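Read through the structure below, which is laid out as structure tokens, and then see the notes.
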Protein chains: 2
Amino acid sequence: MANIKDVALKAGVGIATVSRVINNSGYVKRETREKVEKVIKEIDYVPNEIARSMTLQQNNIVAFILPNSTHLFFGELLYFVEAELFEHGYKLMICNSSEQIAKEIVYLEMLKNNRVDAVILLTNNDVDSLIDKSKPVVSFDRRFEGVPFVASDNYGGGEMAAKKLLELGCKKFMFIGDDAQGDASPVITEVTNRRLGFNNYLNSIGINDVINIEYPLGDYIVSAEYVHGLLKNYSDVDGIFAISDAAAAAVIRELEHTGKRVPEDVKVIGFDGGRSFLNLGKKITSIGQSPELIAEAICSIIVSYYNKEAVEDKIIPVFFEPGDTA
Amino acid sequence: MANIKDVALKAGVGIATVSRVINNSGYVKRETREKVEKVIKEIDYVPNEIARSMTLQQNNIVAFILPNSTHLFFGELLYFVEAELFEHGYKLMICNSSEQIAKEIVYLEMLKNNRVDAVILLTNNDVDSLIDKSKPVVSFDRRFEGVPFVASDNYGGGEMAAKKLLELGCKKFMFIGDDAQGDASPVITEVTNRRLGFNNYLNSIGINDVINIEYPLGDYIVSAEYVHGLLKNYSDVDGIFAISDAAAAAVIRELEHTGKRVPEDVKVIGFDGGRSFLNLGKKITSIGQSPELIAEAICSIIVSYYNKEAVEDKIIPVFFEPGDTA
DNA sequence: GAGAAATGTGGAAACAGTTCCACATTTCTC
DNA sequence: GAGAAATGTGGAACTGTTTCCACATTTCTC
């Protein structure tokens with residue numbers, strides 16, 4: 001493969017001059033530039049990006065650590081993050097951690113070994129001590145001391161769900177979510193704000209008998225049996241807010257299984273936006289997060305880092321997404 | 001940041017020795033090794049991967065160019081490709097091309113500029129001349145001269161769908177797909193084999209009045225209006241094979257809209273596997289592709305390339321995925 | 001038309017590793 | 001115990017860029 005030296009030799013100029021032509025920097029006489037450009041075309045020279053990264057100490061690659069891009073919302077977030085970063089000239093490396101801390105560590109280490117310049121982090125694990133805070137890291141949906149943070153307005157979304165269910169005439173409320181992660185690692189995530197917003201709003205207007213259900217997280221797949229067991233004990237509930245659309249779908253399936261009609265008997269609101277690629281049957285009524293706005297916020301922080309500008313946390317508004325289940 | 005020279009200096013050895021310790025190569029006396037390892041820990045030294053890539057002329061990064069990772073099947077493929085490559089020590093860079101050739105070019109160029117070592121290509125565009133065939137490239141679902149190729153057994157899948165619909169008693173058949181890409185770029189993709197397998201099998205047993213529908217591709221979203229217009233002209237059809245689950249979903253929605261019952265009046269089989277994250281309502285009966293097996297095949301080719309072993313095309317079996325629509 | 005400013009150019013250091021090679025020391029082998 | 005083989009080590013070249021700096025030439029400015 002041709003290198004910059006070959007170009008310089010063939011064009012009869014110095015290496016520095018070729019570099020200046022390539023990068024359009026410094027002074028180069030028009031004739032010299034043309035001569036060099038001609039040689040570059042002739043020998044099909046393409047600058048070696050590894051070597052450039054070497055001197056520039058920067059490679060414009062960003063890593064995105066997320067649990068599972070197959071999850072619809074995460075997948076869309078990934079899509080927009082890649083698109084947005086690409087616009088700014090950055091490339092995206094992806095890591096589906098499946099919440100395995102070992103895999104997260106490998107990618108977090110890439111900040112230290114210069115494989116990537118920055119990391120977008122989406123995890124429920126306690127990786128605080130593993131984050132190199134001297135490097136650009138942005139966290140979504142999870143706060144880490146000293147790491148800029150982006151999240152949807154989960155609390156506001158919880159309130160919004162409560163108000164909607166009230167408007168629709170519901171009397172007995174339930175929240176169902178996997179936000180408390182079990183005993184092993186009782187991490188309270190930002191997502192719990194959905195629960196808090198929902199409960200606090202209802203409490204604030206005098207409704208204090210809200211039923212709060214927790215179920216163990218299983219790779220974002222909600223077990224039908226489990227939900228079934230939960231629901232049969234609460235037959236008077238007529239308004240359910242689920243922590244995610246996936247949870248809402250499981251709830252709706254089980255309600256219908258036990259003879260309840262949705263939304264006639266029980267109204268269900270999910271969280272994420274109710275999108276489904278293959279939407280046969282009901283569309284879930286949902287509190288929507290905008291993956292596009294979130295991606296934009298995350299990327300603007302990354303870009304600010306690159307430009308050595310100040311960065312700050314961002315909370316992204318949510319919206320009500322109508323559907324067939326509430 | 002500490003570099004290898006710092007380690008050598010502090011440990012009182014040569015740079016080459018430190019390198020040998022790090023890479024566990026060549027001869028190093030046990031005491032020397034321990035001394036060096038101690039210093040590495042002390043000053044928290046991590047080898048710079050960019051510099052390593054520089055000398056090794058290899059960075060173990062693979063690019064995956066695909067139309068849209070938000071599409072469920074592609075998303076799963078992406079997931080398994082990343083997981084499989086990670087197992088072998090390779091990292092994945094992702095490019096959602098949205099079929100834009102300009103974006104595909106940027107990533108294809110990365111082979112030349114050494115940003116990535118290899119490319120996995122999933123495109124409908126005519127990029128043949130843009131592929132650097134001296135570098136490791138694997139193509140999925142699309143044949144390019146001189147580029148190893150992986151695909152599901154689309155033809156066999158078409159046959160399988162025909163047989164199933166016959167078994168179920170269907171008499172009048174329709175295929176609906178977006179495989180011919182319109183006049184602008186009449187590329188015949190591998191996916192057309194689904195149509196061929198379906199038609200040829202039916203023809204071979206004397207059924208020659210199969211209705212073949214083409215509709216324009218629109219970013220994998222199938223317009224309801226369009227499908228509606230198509231279906232109303234063929235009210236006697238009772239067995240439909242759709243080129244994808246997304247197309248099948250659109251067809252089913254419209255059939256039910258016009259008063260037909262699925263599967264009682266019309267049976268519909270899709271293609272991809274019938275998976276849906278939020279499966280409310282019917283599950284699509286489908287010819288399944290295995291993203292896991294496909295990812296495995298793709299990655300084994302990549303790994304063979306790295307090991308300088310011979311590579312060859314691979315066709316992956318499909319399977320029948322029962323559902324509620326046929 | 002002289003001195004200053006702007007323009008133009010190439011050599012060499014720096015980036016941070018790997019590896020070849022020469023040479024030194026230790027351990028075998030008979 | 002001598003020669004061969006195995007083990008151990010460091011210097012230096014090499015990977016392909018960017019950029020600082022020194023120096024040369026051209027163009028301004030009064």
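No experiment lies behind these values; they were computed from the predicted model shown. Order of the sequence lines sets the chain letters (A, B, ...), proteins ahead of strands, with each chain counted from 1.
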Searching all strands shown, indicate the nucleotide that pairs with D/dG10 (Watson-Crick or G-U wobble; both distances under 3.5 Å). C/dC21
Do A/Glu109 and A/Arg115 sit within salt-bridge range, that is, some charged N less than 4.0 Å from a carboxylate O? no
Protein within reach of the bases, or only the backbone? For nucleotides 5-23 of chain C, mark each nucleotide 5' to 3' as B, S or -, using heavy atoms under 4.0 Å. -SBBBBB--BBBBBB----
Whole-Å gap separating C1' (D/dG16) and CD (A/Gln58): 17 Å
The side chain to side chain donor-acceptor pair (under 3.5 Å) partners of A/Lys5 (sequence neighbours excluded) come to none
Does atom CD of B/Glu309 have more than 12 heavy-atom neighbours, drawn from other residues, nucleotides or ligands, at distances under 6.0 Å? yes
Base-pairing assignment for C/dC30 (Watson-Crick or G-U wobble, both under 3.5 Å): D/dG1
Report yes or no: is the cationic atom of B/Lys103 (NZ for Lys, CZ for Arg) closer than 6.0 Å to the six-membered ring centre of A/Phe86, at no more than 45° off its axis? yes
Taking the six-membered ring for Trp, are B/Phe73 and B/Phe140 parallel (under 30°), tilted (30 to 60°) or perpendicular (over 60°)? tilted
